[in-house]
Amino acid sequence: MARPVQEINAGSMADIAFLLLIFFLVTTTMDVDSGITRKLSAIPPENQPKPPDVKERNVYIVLINQHNQLAVEGELMAVNKLCDGVKEFINNPNDDPNLSEKKDEAVDVPFLGMMELSKGVVSLQNDKGTSYHKYIEIQNELVRAFNELRDELSMRKFGMLYKDLDDPKQKAVKKVYPMTISEAEPRNVGGKK
Amino acid sequence: MAKFARKGKGGTPAISTASLPDIVFMLLFFFMVTTVMREVDLKISVKLPQATEIKKLEKKSLVSYIYVGAPIKAFQKVYGTEPRLQLNDELSKISDVGAYISAEREKMDERDIPFMTTSIKADMEVKMGIITEIKQELKKASALKINYSTRKGL
(Lines give C-alpha, C1' and ligand atoms only; values in the text may rest on other atoms or scores of the structure.)
Protein backbone atom coordinates (compact mmCIF):
# COMPACT_ATOMS: atom_id res chain seq x y z
CA MET A 1 0.00 0.00 0.00
CA ALA A 2 2.49 2.54 1.19
CA ARG A 3 4.46 3.54 -1.77
CA PRO A 4 8.16 3.82 -1.29
CA VAL A 5 9.08 7.44 -0.76
CA GLN A 6 10.55 8.86 -3.88
CA GLU A 7 14.01 10.23 -3.59
CA ILE A 8 14.21 13.98 -3.76
CA ASN A 9 16.36 15.21 -6.56
CA ALA A 10 19.34 16.94 -5.02
CA GLY A 11 20.63 18.20 -8.30
CA SER A 12 19.50 21.75 -7.70
CA MET A 13 21.03 21.86 -4.26
CA ALA A 14 24.22 23.18 -5.76
CA ASP A 15 22.32 25.99 -7.44
CA ILE A 16 20.71 27.03 -4.20
CA ALA A 17 24.03 26.95 -2.42
CA PHE A 18 25.60 28.97 -5.21
CA LEU A 19 22.89 31.54 -4.88
CA LEU A 20 23.56 31.95 -1.18
CA LEU A 21 27.29 31.95 -1.80
CA ILE A 22 27.02 34.74 -4.31
CA PHE A 23 24.86 36.75 -1.94
CA PHE A 24 27.50 36.53 0.77
CA LEU A 25 30.30 37.22 -1.69
CA VAL A 26 28.62 40.41 -2.75
CA THR A 27 27.75 41.66 0.72
CA THR A 28 31.08 40.81 2.32
CA THR A 29 33.43 43.65 3.01
CA MET A 30 36.79 42.15 3.60
CA ASP A 31 38.58 45.39 4.35
CA VAL A 32 40.03 45.76 7.79
CA ASP A 33 39.83 49.09 9.44
CA SER A 34 43.09 50.86 9.30
CA GLY A 35 44.37 54.34 9.72
CA ILE A 36 46.85 56.65 11.35
CA THR A 37 46.87 56.15 15.08
CA ARG A 38 47.46 59.15 17.26
CA LYS A 39 47.34 59.87 20.91
CA LEU A 40 45.74 63.09 22.02
CA SER A 41 47.31 65.03 24.82
CA ALA A 42 45.23 65.10 27.95
CA ILE A 43 43.85 68.38 29.12
CA PRO A 44 46.13 69.44 31.96
CA PRO A 45 44.33 69.82 35.26
CA GLU A 46 43.75 73.39 36.28
CA ASN A 47 46.11 75.28 38.57
CA GLN A 48 48.92 73.00 37.59
CA PRO A 49 52.28 74.68 37.17
CA LYS A 50 53.03 75.36 33.54
CA PRO A 51 55.44 72.87 32.01
CA PRO A 52 58.80 74.39 31.20
CA ASP A 53 58.92 76.01 27.81
CA VAL A 54 60.69 74.17 25.06
CA LYS A 55 63.52 76.05 23.44
CA GLU A 56 62.71 77.44 20.07
CA ARG A 57 65.41 75.53 18.27
CA ASN A 58 63.92 72.29 19.54
CA VAL A 59 60.52 72.89 18.03
CA TYR A 60 59.86 72.15 14.40
CA ILE A 61 56.82 74.21 13.58
CA VAL A 62 54.59 72.87 10.85
CA LEU A 63 51.69 75.04 9.82
CA ILE A 64 48.90 74.39 7.37
CA ASN A 65 46.73 77.34 6.46
CA GLN A 66 43.21 77.50 5.13
CA HIS A 67 44.46 77.36 1.54
CA ASN A 68 46.15 74.06 2.33
CA GLN A 69 49.59 75.60 2.09
CA LEU A 70 52.33 74.15 4.17
CA ALA A 71 54.77 76.32 6.07
CA VAL A 72 57.66 74.91 8.04
CA GLU A 73 59.58 77.12 10.42
CA GLY A 74 58.00 80.14 8.82
CA GLU A 75 58.74 79.24 5.23
CA LEU A 76 56.62 77.65 2.55
CA MET A 77 57.58 74.10 1.78
CA ALA A 78 56.50 71.39 -0.62
CA VAL A 79 54.88 68.38 1.01
CA ASN A 80 57.39 65.93 -0.39
CA LYS A 81 60.27 67.73 1.34
CA LEU A 82 58.64 67.57 4.75
CA CYS A 83 59.69 64.02 5.54
CA ASP A 84 63.37 64.73 4.91
CA GLY A 85 63.08 68.00 6.77
CA VAL A 86 61.80 66.30 9.88
CA LYS A 87 64.45 63.61 9.69
CA GLU A 88 67.23 66.15 9.41
CA PHE A 89 65.75 68.19 12.22
CA ILE A 90 65.61 65.24 14.61
CA ASN A 91 68.95 63.72 13.65
CA ASN A 92 70.84 66.97 13.22
CA PRO A 93 73.97 65.23 11.97
CA ASN A 94 76.02 68.41 11.57
CA ASP A 95 75.04 70.01 14.88
CA ASP A 96 73.35 72.88 13.15
CA PRO A 97 72.40 75.43 15.83
CA ASN A 98 69.01 75.92 14.18
CA LEU A 99 68.05 72.26 14.42
CA SER A 100 67.24 70.18 17.45
CA GLU A 101 69.54 69.85 20.43
CA LYS A 102 70.75 66.61 21.90
CA LYS A 103 69.81 65.80 25.46
CA ASP A 104 72.44 66.87 27.95
CA GLU A 105 73.58 63.40 28.78
CA ALA A 106 73.60 60.27 26.69
CA VAL A 107 71.08 57.64 27.70
CA ASP A 108 71.84 53.97 28.05
CA VAL A 109 69.34 52.20 25.84
CA PRO A 110 69.12 48.40 26.06
CA PHE A 111 70.60 46.63 23.00
CA LEU A 112 71.87 49.90 21.58
CA GLY A 113 74.28 51.18 24.20
CA MET A 114 74.78 54.86 24.91
CA MET A 115 72.72 56.97 22.57
CA GLU A 116 72.38 60.69 22.22
CA LEU A 117 68.70 61.45 22.10
CA SER A 118 67.19 64.42 20.43
CA LYS A 119 65.14 66.98 22.27
CA GLY A 120 63.27 67.83 19.09
CA VAL A 121 59.51 68.12 19.01
CA VAL A 122 57.38 68.52 15.94
CA SER A 123 54.55 70.93 16.44
CA LEU A 124 51.68 70.67 14.02
CA GLN A 125 49.19 73.45 13.74
CA ASN A 126 46.29 73.73 11.38
CA ASP A 127 43.61 76.22 10.58
CA LYS A 128 39.88 75.72 10.84
CA GLY A 129 39.65 75.97 7.08
CA THR A 130 42.32 73.39 6.36
CA SER A 131 40.82 70.46 4.54
CA TYR A 132 40.97 67.08 6.14
CA HIS A 133 42.77 65.26 3.36
CA LYS A 134 45.63 67.77 3.46
CA TYR A 135 45.86 67.35 7.19
CA ILE A 136 46.01 63.58 6.84
CA GLU A 137 48.62 63.93 4.13
CA ILE A 138 50.81 65.99 6.45
CA GLN A 139 50.23 63.64 9.39
CA ASN A 140 51.18 60.80 7.10
CA GLU A 141 54.43 62.51 6.12
CA LEU A 142 55.31 63.15 9.76
CA VAL A 143 54.64 59.56 10.74
CA ARG A 144 56.63 58.42 7.74
CA ALA A 145 59.60 60.51 8.84
CA PHE A 146 59.64 58.85 12.24
CA ASN A 147 59.10 55.41 10.79
CA GLU A 148 62.02 55.93 8.44
CA LEU A 149 64.24 57.11 11.27
CA ARG A 150 63.38 53.99 13.22
CA ASP A 151 63.92 51.80 10.20
CA GLU A 152 67.31 53.34 9.52
CA LEU A 153 68.43 52.83 13.09
CA SER A 154 67.28 49.23 13.29
CA MET A 155 68.81 48.52 9.87
CA ARG A 156 72.11 49.88 11.12
CA LYS A 157 72.07 48.10 14.46
CA PHE A 158 70.19 44.89 13.81
CA GLY A 159 70.12 44.58 10.03
CA MET A 160 66.35 44.34 10.08
CA LEU A 161 63.44 46.62 9.53
CA TYR A 162 61.74 48.06 12.59
CA LYS A 163 58.57 46.08 12.12
CA ASP A 164 60.50 42.79 11.99
CA LEU A 165 62.24 43.35 15.31
CA ASP A 166 61.02 41.57 18.40
CA ASP A 167 59.22 43.45 21.11
CA PRO A 168 62.04 44.54 23.48
CA LYS A 169 64.18 45.70 20.58
CA GLN A 170 61.28 47.66 19.12
CA LYS A 171 60.88 49.34 22.47
CA ALA A 172 64.54 50.28 22.49
CA VAL A 173 64.36 51.81 19.03
CA LYS A 174 61.17 53.57 20.00
CA LYS A 175 62.96 55.06 22.95
CA VAL A 176 65.58 56.59 20.70
CA TYR A 177 62.99 57.99 18.31
CA PRO A 178 59.76 58.60 20.20
CA MET A 179 57.00 59.97 18.04
CA THR A 180 57.09 63.49 19.34
CA ILE A 181 54.36 65.14 17.34
CA SER A 182 52.43 67.64 19.33
CA GLU A 183 49.34 69.33 18.11
CA ALA A 184 48.91 72.89 19.11
CA GLU A 185 45.57 74.18 20.27
CA PRO A 186 43.61 75.26 17.25
CA ARG A 187 43.73 78.84 16.17
CA ASN A 188 41.53 80.59 13.74
CA VAL A 189 44.10 82.15 11.50
CA GLY A 190 42.18 82.40 8.31
CA GLY A 191 39.01 84.04 9.57
CA LYS A 192 35.61 82.44 9.77
CA LYS A 193 34.85 79.67 7.34
CA MET B 1 49.71 -0.18 -26.48
CA ALA B 2 46.68 -2.33 -26.07
CA LYS B 3 46.17 -0.98 -22.65
CA PHE B 4 45.74 2.55 -23.88
CA ALA B 5 43.54 1.60 -26.78
CA ARG B 6 41.04 -0.06 -24.50
CA LYS B 7 40.63 3.02 -22.42
CA GLY B 8 39.70 5.26 -25.30
CA LYS B 9 36.89 3.04 -26.43
CA GLY B 10 34.44 3.67 -23.62
CA GLY B 11 34.48 7.48 -23.97
CA THR B 12 35.15 9.66 -20.95
CA PRO B 13 32.88 8.85 -18.06
CA ALA B 14 30.91 11.78 -16.70
CA ILE B 15 32.49 13.39 -13.69
CA SER B 16 30.31 12.95 -10.68
CA THR B 17 28.94 16.27 -9.51
CA ALA B 18 27.50 14.81 -6.37
CA SER B 19 30.12 16.49 -4.18
CA LEU B 20 29.68 19.86 -5.81
CA PRO B 21 27.11 21.04 -3.26
CA ASP B 22 29.49 20.10 -0.48
CA ILE B 23 32.24 22.20 -1.95
CA VAL B 24 29.94 25.10 -2.48
CA PHE B 25 28.58 24.81 1.03
CA MET B 26 32.07 24.86 2.38
CA LEU B 27 32.77 28.12 0.58
CA LEU B 28 29.40 29.42 1.70
CA PHE B 29 30.15 28.74 5.34
CA PHE B 30 33.53 30.38 5.02
CA PHE B 31 31.97 33.55 3.73
CA MET B 32 29.15 33.45 6.25
CA VAL B 33 31.61 33.23 9.08
CA THR B 34 33.95 35.94 7.83
CA THR B 35 31.27 38.38 6.78
CA VAL B 36 30.77 41.39 8.93
CA MET B 37 27.42 42.88 8.21
CA ARG B 38 27.47 46.61 8.12
CA GLU B 39 26.37 47.78 11.52
CA VAL B 40 25.30 51.29 10.84
CA ASP B 41 23.39 52.90 8.04
CA LEU B 42 25.38 55.86 6.94
CA LYS B 43 23.34 58.99 6.53
CA ILE B 44 26.34 60.92 5.39
CA SER B 45 28.76 60.27 2.60
CA VAL B 46 32.26 59.41 3.65
CA LYS B 47 35.14 59.11 1.25
CA LEU B 48 38.22 58.37 3.26
CA PRO B 49 41.51 60.10 2.50
CA GLN B 50 44.54 58.07 1.52
CA ALA B 51 47.68 57.43 3.49
CA THR B 52 50.61 55.04 3.46
CA GLU B 53 51.77 54.83 7.07
CA ILE B 54 48.75 53.05 8.39
CA LYS B 55 48.17 50.64 11.18
CA LYS B 56 45.46 48.07 11.43
CA LEU B 57 42.92 48.36 14.17
CA GLU B 58 43.23 45.12 16.02
CA LYS B 59 40.15 44.46 18.06
CA LYS B 60 36.86 45.62 16.66
CA SER B 61 35.13 45.47 20.02
CA LEU B 62 37.44 48.13 21.39
CA VAL B 63 36.73 50.62 18.67
CA SER B 64 33.97 53.16 18.56
CA TYR B 65 33.35 55.07 15.41
CA ILE B 66 32.62 58.68 14.65
CA TYR B 67 31.60 59.43 11.11
CA VAL B 68 31.95 62.90 9.66
CA GLY B 69 30.76 64.09 6.30
CA ALA B 70 28.10 65.88 4.31
CA PRO B 71 24.62 64.31 4.47
CA ILE B 72 23.69 62.10 1.53
CA LYS B 73 21.21 63.35 -1.05
CA ALA B 74 18.11 61.93 0.63
CA PHE B 75 18.81 63.84 3.82
CA GLN B 76 20.05 67.07 2.33
CA LYS B 77 16.59 68.63 2.44
CA VAL B 78 16.38 68.11 6.17
CA TYR B 79 19.93 68.57 7.26
CA GLY B 80 21.46 70.75 4.58
CA THR B 81 24.84 70.16 2.98
CA GLU B 82 27.08 71.23 5.82
CA PRO B 83 29.26 68.41 7.18
CA ARG B 84 27.66 66.64 10.11
CA LEU B 85 28.75 63.88 12.36
CA GLN B 86 27.05 60.59 12.87
CA LEU B 87 27.23 58.48 15.99
CA ASN B 88 25.64 55.05 15.70
CA ASP B 89 22.58 55.58 13.53
CA GLU B 90 21.85 59.20 14.18
CA LEU B 91 23.15 62.47 12.99
CA SER B 92 24.37 64.24 16.08
CA LYS B 93 25.75 67.42 17.41
CA ILE B 94 29.34 67.77 18.47
CA SER B 95 28.23 68.15 22.08
CA ASP B 96 26.84 64.59 21.93
CA VAL B 97 30.29 63.09 21.54
CA GLY B 98 30.97 63.02 25.26
CA ALA B 99 27.75 61.14 26.02
CA TYR B 100 28.43 58.73 23.18
CA ILE B 101 31.91 57.93 24.45
CA SER B 102 30.71 57.28 27.97
CA ALA B 103 27.91 55.08 26.62
CA GLU B 104 30.45 53.10 24.61
CA ARG B 105 32.63 52.83 27.65
CA GLU B 106 29.75 51.50 29.68
CA LYS B 107 29.30 48.64 27.23
CA MET B 108 32.91 47.59 27.50
CA ASP B 109 34.63 45.19 29.76
CA GLU B 110 36.37 47.04 32.54
CA ARG B 111 39.76 45.64 31.63
CA ASP B 112 39.42 46.87 28.08
CA ILE B 113 38.64 50.47 28.87
CA PRO B 114 42.26 51.69 28.74
CA PHE B 115 42.59 50.23 25.24
CA MET B 116 39.53 51.91 23.89
CA THR B 117 40.13 53.56 20.56
CA THR B 118 38.00 56.07 18.76
CA SER B 119 38.14 55.85 15.03
CA ILE B 120 37.34 59.03 13.16
CA LYS B 121 35.99 58.27 9.73
CA ALA B 122 35.83 61.61 8.07
CA ASP B 123 35.23 62.57 4.49
CA MET B 124 38.31 63.96 2.78
CA GLU B 125 36.60 67.20 1.85
CA VAL B 126 35.65 68.06 5.43
CA LYS B 127 37.30 71.12 6.95
CA MET B 128 39.48 70.75 9.99
CA GLY B 129 37.24 72.97 12.12
CA ILE B 130 34.78 70.21 12.86
CA ILE B 131 37.53 67.63 13.36
CA THR B 132 39.28 69.87 15.85
CA GLU B 133 36.07 70.36 17.80
CA ILE B 134 35.55 66.60 17.92
CA LYS B 135 39.10 66.19 19.13
CA GLN B 136 38.49 68.70 21.88
CA GLU B 137 35.37 66.80 22.95
CA LEU B 138 37.30 63.55 22.97
CA LYS B 139 39.97 65.14 25.12
CA LYS B 140 37.31 66.26 27.56
CA ALA B 141 35.90 62.74 27.64
CA SER B 142 39.50 61.52 28.07
CA ALA B 143 39.22 59.19 25.11
CA LEU B 144 42.76 59.89 24.00
CA LYS B 145 43.53 57.05 21.65
CA ILE B 146 42.26 58.01 18.26
CA ASN B 147 42.66 56.72 14.79
CA TYR B 148 42.16 58.69 11.62
CA SER B 149 40.64 56.14 9.34
CA THR B 150 42.23 56.12 5.91
CA ARG B 151 42.50 54.05 2.82
CA LYS B 152 45.77 52.52 1.79
CA GLY B 153 47.55 54.03 -1.13
CA LEU B 154 48.69 57.42 -2.43
Side-chain angles (χ1 to χ4, degrees), chain A residues 10-43 64 66 68 83 126-148 163 183 185-188 190 192-193, chain B residues 17-18 20-25 27-32 34-38 47-58 60 63 65 68 83 117-133 135-136 138-140 142-152 154:
Chain A
S12 51
M13 181 90 111
D15 300 339
I16 298 165
F18 261 122
L19 211 76
L20 278 168
L21 175 64
I22 288 164
F23 168 73
F24 275 97
L25 264 171
V26 169
T27 54
T28 302
T29 41
M30 279 289 209
D31 58 329
V32 259
D33 268 317
S34 54
I36 299 173
T37 312
R38 249 305 85 75
K39 214 161 168 160
L40 296 173
S41 58
I43 294 177
I64 324 168
Q66 80 271 32
N68 293 338
C83 179
N126 60 270
D127 186 78
K128 269 192 180 166
T130 308
S131 63
Y132 182 63
H133 69 90
K134 193 72 187 176
Y135 175 77
I136 289 296
E137 199 182 328
I138 302 297
Q139 282 271 15
N140 188 49
E141 286 302 303
L142 295 178
V143 176
R144 191 157 71 99
F146 281 96
N147 282 347
E148 281 182 15
K163 65 173 172 18
E183 282 181 58
E185 290 295 307
R187 278 194 311 182
N188 199 354
K192 206 168 180 295
K193 252 230 161 140
Chain B
T17 55
L20 191 61
D22 299 339
I23 298 166
V24 175
F25 266 116
L27 275 169
L28 176 63
F29 286 137
F30 170 73
F31 277 99
M32 279 177 78
T34 54
T35 300
V36 198
M37 288 283 184
R38 185 167 278 193
K47 190 161 183 284
L48 295 175
Q50 290 185 319
T52 51
E53 307 298 313
I54 57 179
K55 269 193 193 146
K56 274 183 200 160
L57 279 175
E58 298 287 331
K60 283 248 162 98
V63 184
Y65 296 95
V68 189
T117 310
T118 313
S119 175
I120 299 178
K121 287 182 176 253
D123 190 85
M124 51 194 282
E125 297 305 326
V126 165
K127 297 286 179 210
M128 277 310 288
I130 188 167
I131 307 283
T132 314
E133 282 173 58
K135 270 157 64 183
Q136 292 295 347
L138 288 176
K139 275 188 197 175
K140 273 187 223 159
S142 59
L144 298 177
K145 276 182 87 168
I146 59 166
N147 181 289
Y148 301 106
S149 198
T150 55
R151 285 176 296 144
K152 197 167 173 56
L154 212 70

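No experiment lies behind these values; they were computed from the predicted model shown. So you know, we letter chains A, B, ... as the sequences are listed, proteins then strands, and number each from 1.
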Visitor: First locate atom NZ of A:Lys128, then atom CD of B:Glu133, and finally report the distance between them rounded to the nearest 0.5 Å.
Guide: 6.0 Å
Visitor: Kindly give the heavy-atom pair with the smallest separation between B:Ile54 and A:Ser34, and that separation in Å.
Guide: CD1-OG, 3.6 Å
Visitor: Would you say the side-chain atoms of A:Asn147 and B:Glu53 include a donor-acceptor pair closer than 3.5 Å?
Guide: yes
Visitor: State the CZ-CG distance between B:Phe29 and A:Leu20, to the nearest 0.5 angstrom.
Guide: 9.0 Å
Visitor: How far apart are the C-alpha atoms of B:Asn147 and A:Ile36, what are their side-chain angles, what is the distance that settles it, and do they pass the side-chain contact (heavy atoms from CB on, under 4.5 Å) test?
Guide: CA-CA 5 Å; B:Asn147 181 289; A:Ile36 299 173; over 6 Å; no
Visitor: Less than 4.5 Å to any heavy atom of chain B: does that hold for the side chain of A:Ile136, its backbone, both, or neither?
Guide: side chain
Visitor: At a heavy-atom separation under 4.5 Å, does A:Phe18 approach chain B through its side chain, its backbone, both, or neither?
Guide: both
Visitor: Check each atom of B:Asp22 against the heavy atoms of chain A and say whether the ones under 4.5 Å are side chain, backbone, both or neither.
Guide: neither
Visitor: Ignoring hydrogens and geometry beyond distance, is a side-chain donor-acceptor pair present between A:Tyr132 and B:Tyr148 at under 3.5 Å?
Guide: no
Visitor: Using 0.5 Å steps for rounding, measure from the CD atom of A:Glu137 to the OG1 atom of B:Thr150.
Guide: 12.5 Å
Visitor: Counting the benzene-type ring for Trp, do B:Phe31 and A:Phe23 have ring centres under 6.0 Å apart?
Guide: no
Visitor: What distance do A:Thr37 atom OG1 and B:Lys145 atom NZ have between them, rounded to the nearest 0.5 Å?
Guide: 8.0 Å
Visitor: Give the C-alpha distance, both sets of side-chain angles, the deciding distance and a yes or no for side-chain contact (heavy atoms from CB on, under 4.5 Å) between B:Lys135 and A:Leu40.
Guide: CA-CA 8 Å; B:Lys135 270 157 64 183; A:Leu40 296 173; 4.0 Å; yes
Visitor: With a 4.5 angstrom heavy-atom cut-off, could you sort out which part of B:Ile146 is near chain A: side chain, backbone, both or neither?
Guide: both
Visitor: Please round to the nearest 0.5 Å and tell me the distance separating atom CG of A:Leu25 and atom CG of B:Leu28.
Guide: 9.0 Å
Visitor: Checking heavy atoms, do the side chain of B:Lys121, its backbone, both or neither come under 4.5 Å from chain A?
Guide: side chain
Visitor: As a quick check of understanding, evaluate side-chain contact (heavy atoms from CB on, under 4.5 Å) for B:Thr132 and A:Asn126, giving each step before the final call.
Guide: CA-CA 9 Å; B:Thr132 314; A:Asn126 60 270; 3.9 Å; yes
Visitor: Just verifying a value: how many Å separate B:Lys127 NZ and A:Gln66 CD, rounded to the nearest 0.5 Å?
Guide: 9.0 Å
Visitor: At a heavy-atom separation under 4.5 Å, does B:Ser149 approach chain A through its side chain, its backbone, both, or neither?
Guide: both
